[in-house]
Amino acid sequence: MAKTPNKLKARLPRGFVDRSAADIRATDEMIGKIREVYEHYGFDPVETPLFEYTDCLGKFLPDTDRPNAGVFSVQDDDEQWMSLRYDLTAPLARHVAENINEIQLPYRTYRAGYVFRNEKPGPGRFRQFMQFDADSIGAPGVQADAEMCMMFADTLDALGLKGQYIIRVNNRKVLDGVMEAIGLGGDENAETRLTVLRAIDKLDKFGTEGVKLLLGEGRKDESGDFTKGAGLNADQIEKVLFFVSITSYAESAEALAELVAGSENGRSGVAELNDIRALVESAGYGEDRIKIDPSVVRGLEYYTGPVYEAELTFDVTNEKGEKVVFGSVGGGGRYDGLIKRFTGRDVPATGFSIGVSRLMTALKNLGKLSSSSEVQEPVLVTVMDGDIEALGRYQKMTQTLRAAGIRAEMYQGNWKKFGNQLKYADRRNCPLAIIQGSDERAAGEIQIKDLIEGKRLSGEITDNVTWRESRPAQHSVKEAELVATVRQLLDQQAEDTRRQNGDN
RNA sequence: GCAGACGUAGCUCAGUUGGUUAGAGCGUCGGAUUGUGGCUCCGAAGGUCGGUGGUUCGAAUCCACUCGUCUGUACCA
């Protein structure tokens, strides 16, 4: 056969994935659990579209009229730039601003959805991924931030991660205070501040020594590539390192207060941290769940006050069994200025985002995701005769099972190869096959084949003739008993599976 | 973006200093078995050696560029 010279190559864009049935079901289950917690806390859903005008996302580059390279952008008919959303917070701010007169503040809301980032993909890093956010709009006090941290913790509990995570809380104002304290205040030092913050953010990756290098001259990585540092002097580095290495906030609070003493920002930030600590403490959340940690740096742009992120405290391994630095599975903070960009009036807000895709990877590693085996594959009604009348009977049998709440399908492939029908059922992990040929029909009977039990028996049978003729794990029942017997066999299989899982 | 490693059948990989017609295992499909999954046996399909250009009598092999994957790093609003 002549080959088509230029066959179209089927290929997935890099950084994107197709999702399997098992993945989709696992995600749905996770989202369900998260939603339950949010609803329980009195939050309501809202949905915004995947596209927004680029200016509403705040993603235009300062000097040119082109969007930031990190967002996927297209131009509309009227040449206006539109972008795929890169998070769920900016679109929410737009929605709230646009409907500010109708929305009753404080507005407690949640939403899940895909976001897109045009960045280099890697293992566990995609260009499309799902986030599940919750936000409190119009709530100025730190009690709103404290509540967010508690809800975050409760959500992770609900996902089965009790005792295996920690919510770390910091405050942008404290970071600013420290910067001022080491003489990096003012607009002229904005770039250096950014470099310092980024260096602090690398603490879990490179450790104290690596951060020290990044704060000073710079650091060389394994491939020999050199990263320029912030160029701080020894005294400045020491203060920053002291700050980020605070492990017990309770013990170091005074020293911290002293460090930021000259800064109004710093003072107020420390006060807010103290308040949050007191609030969550009295609500019953100890330091093992919500902890003040001055090394938390995130969302360098729009966060204005408390920031928080969730970190898993167990080791995550990849498919190759190697330990990987997992980082955070979600985080958030206060963004008091974001909505004001649209409305011109102060609308304080705080919220957080859970990285659903990332968290799912972690849960998979923990075995906390129910395996796909819990989903019941359909019962297969096999086809022995292909004439319209016979097909009608098989179709009716299938509908009878469905009407009884049993997942069922009739074989739709080439019915003439009966062996293929069972092979199909086997590969599809069907629990049962329903068989009625002319012999059974004449007797008013139906054969029900237990494919799981049959598979088990196959180990004991070595020769094919016996295997075929013994028709293992096959039950012959009267037509009227079809539904009852199927249900009984399915229940029995489910019971066996449960017992097996229990034993292991 | 920068640096490095790697691209051979659907998958995992062999392929000698550059040398005839590029192989294996697994998987797929067909048959043994027209009404019974698994096992076994027999057979078949499947490749522009990632792509383009160059060196050479001759390239999967050497060189350049390009695309893709992986690792590190930067960026991540």
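In this text, all values refer to a predicted model and were calculated from it rather than measured experimentally. FYI, side chains are in, hydrogens and waters are out, and symmetry mates aren't considered; it's all heavy atoms of this structure.
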Review point. A/K228 has an atom NZ; how far is it from atom C1' of B/rA3, in whole Å?
Key: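 Rounded to the whole Å, the gap is 20 Å.
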Regarding [N], can its base be found pairing with the side chain of [X] as donor and acceptor, where the two atoms are less than 3.5 Å apart?
X: A/R298; N: B/rC76; value: no
X: A/E440; N: B/rG35; value: yes
X: A/R468; N: B/rU36; value: no
X: A/K120; N: B/rU73; value: yes
X: A/Q447; N: B/rU36; value: no

**Study point:** Bracket notation of RNA chain B in which parentheses pair within the strand, [ ] cross earlier pairs, and | pairs with another strand (Watson-Crick or G-U, under 3.5 Å)
**Key:** (((((((..((((.....[...)))).(((((.......))))).....(((((..]....))))))))))))....
Review point. Does the side-chain ring of A/Y302 lie flat on the base of B/rA77, meaning centres under 5.5 Å and planes less than 30 degrees apart?
Key: no
Point to revise | Salt bridge flag under 4.0 Å for residues A/K478 and A/E481 | key: no
**Study point:** Rounded P spacing from B/rU17 to B/rG25 in Å
**Key:** 25 Å
Check your understanding: Are OP1 or OP2 of B/rA74 and a side-chain N or O of A/R198 less than 4.0 angstrom apart?
Key -> no
Check your understanding: Phosphate oxygens OP1/OP2 of B/rC2: is one of them under 4.0 Å from a side-chain N or O of A/K220?
Key -> no
Could you tabulate the donor-acceptor pairs under 3.5 Å formed by side-chain atoms of residues 344-351 of chain A, not counting sequence neighbours?
unit_1 : atom_1 : unit_2 : atom_2 : d
A/D346 : OD1    : A/K340 : NZ     : 3.2
A/T350 : OG1    : A/D145 : OD1    : 2.7
A/T350 : OG1    : A/Y308 : OH     : 2.8
A/T350 : OG1    : A/G333 : O      : 3.3

